[in-house]
Protein chains: 2
Amino acid sequence: MSETAERRYHHGNLRAALLARAETVLREEGAGALSLRELARDVGVSHGAPRRHFADKQALLDALAVVGFTRLGETLAAADPGTGPFPARAGAVARAYVGFATREANLLDVMFAAKHTTPDPTAIAAAADRAFLPVLALITDGQAAGALAPGDPEDFGVALFATLQGLAALANRGMLADATLDERVDDAVARLLRGSAPR
Amino acid sequence: MSETAERRYHHGNLRAALLARAETVLREEGAGALSLRELARDVGVSHGAPRRHFADKQALLDALAVVGFTRLGETLAAADPGTGPFPARAGAVARAYVGFATREANLLDVMFAAKHTTPDPTAIAAAADRAFLPVLALITDGQAAGALAPGDPEDFGVALFATLQGLAALANRGMLADATLDERVDDAVARLLRGSAPR
DNA sequence: ACCTGAACACCGTTCAAGT
DNA sequence: ACCTGAACACCGTTCAAGT
């Protein structure tokens, strides 16, 4: 294992290894605990080596954000049953979103950090857009089925996303004492759906 | 309460001076630029001195969070005209919240950071509760006026706050390209009000 | 009581040098 | 092309000593 594995490792897998380790540290200890030097140590490489693959710490965080949006997109796509009444589909996707947002709270912080000042800021935006594509399709279905008033699907999409993002933020900060998160989600989504029905 | 106990350093109160300087740095450069050592330098004191007033960096951040919630409460209270139709009052308060949240984006990050692991975590929670008191009163008025369905005011409050917090987050991350923030706020609040009317 | 200054153990970043 | 290791300038935190 040693010779070939070492060689392969150092020739092409360092970026992936750093990213994987960073994801674990992020999940377990938060973004504040991320250190390029410690990551390098963990992965068995000198502290200067990461620079080859991440120009600076922010570049590493940006790469984590892209990973996060990709995972989120998969989660959302998998959550939509694709058939059945619109409110049931919307509720399933909504619970999946806040589930992801609370399970991966630290990752979410990195995904929505206001810092992305790196070489290619569009990479993150593109990953984010891709993640929300399944939701936009769902909304279009809802309009076609007469459950939602017609109009730009993004209007409802923004309102829905804002609601869920806000609920996740409250939950992650421990500010949702009285009711459970899913109850809050169901209640808020129900209000939004009622207020977005055709009139 | 009135614990401005006039601790003196060269020209006055070190704790207050550090806090004031920290608020400026936070507003202009973000939480990442906050350094206890630099703050001490700015204020003309040795790097060990802040420790007298803030046990560690997190204690400073927590104190900033309390300041932020206090300011937010004042802003919300001032925004409610106190009379007039409920939707107009709710709209005014909603716009005031997102206005604060976008004007003081860095402060908001600190206020809602998930870190508060310090001696007195209840201080922040208490400040937050106090900040939202005026909104709860407004909701009660709305129920009395028949604009909102009866029930625990906190149910509507959580949904409203989540929506606004989410919109502010989107705006602060530059993810609200198409429409202006106030348009998004008005649209989302209108949906929420329609969906929360008595049936 | 409040502040100073040295000390310690960590960082991120840069860069000449190795392979 | 990829990685090492020394160097630099910064941190947060601790603590004996000063005032």
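First the proteins, then the strands, lettered A, B, ... as listed; each starts at 1. Model, not experiment: these values are computed from the prediction.
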Rounded to whole angstrom units, what separation is found between the [atom1] atom of [X] and the [atom2] atom of [N]?
X	N	atom1	atom2	answer
A:R52	C:dC15	CZ	C1'	10 Å
B:R15	C:dA1	CZ	C1'	16 Å
A:H53	D:dC2	NE2	P	6 Å
B:L39	C:dC3	CG	P	14 Å
B:L18	C:dC2	CG	C1'	13 Å

Out of curiosity, [X] [atom1] to [Y] [atom2], how far, rounded to the nearest 0.5 Å?
X	Y	atom1	atom2	answer
A:L61	A:D109	CG	CG	11.0 Å
A:Y97	A:L108	OH	CG	5.0 Å
A:R103	A:T75	CZ	OG1	6.0 Å

| query | Should A:L138 and A:L136 be counted in the same cluster of Ile, Leu, Val, Met, Phe, Trp and Tyr side chains packed under 4.5 Å apart? | reply | yes
| task | Find out if a path of hydrophobic residues (ILVMFWY) with successive side-chain heavy-atom gaps under 4.5 Å connects A:M175 to B:L76. | result | yes
| task | Quick one: list whatever passes side chain to side chain contact (heavy atoms under 4.5 Å, CB included) with A:A49, sequence neighbours left out. | result | A:L14, A:V45, A:S46
| task | Answer yes when B:D155 and A:R184 have at least one side-chain N-carboxylate O distance shorter than 4.0 Å, and no when they do not. | result | yes
Is there any protein nitrogen or oxygen under 3.5 Å from a nitrogen or oxygen in nucleotides 9-12 of chain D, and what are the pairs?
from, atom 1, to, atom 2, distance (Å)
D:dC11, OP2, B:R41, NH2, 2.6
D:dC11, O5', B:S35, OG, 3.3
D:dG12, OP1, B:L36, N, 3.0
D:dG12, OP2, B:S35, OG, 3.4
D:dG12, OP2, B:L36, N, 3.3
D:dG12, OP2, B:R37, N, 3.1
D:dG12, N7, B:R37, NH1, 2.5
D:dG12, O6, B:R37, NH1, 2.7

| request: Report the relative orientation of the aromatic rings in B:F161 and B:F112; use parallel for angles under 30°, tilted for 30 to 60°, perpendicular for over 60°. | output: tilted
| task | Could you check A:S46 against B:A55 and say which one's nearest nucleotide on DNA chain D is further toward the 5' end? | result | A:S46
| message | Could you spell out the base pairing of DNA chain C as a dot-bracket line? Use Watson-Crick and G-U wobble contacts where both distances are under 3.5 Å, [ ] for crossing pairs, | for partners on a different strand. | response | ||.|||||...|||||.||
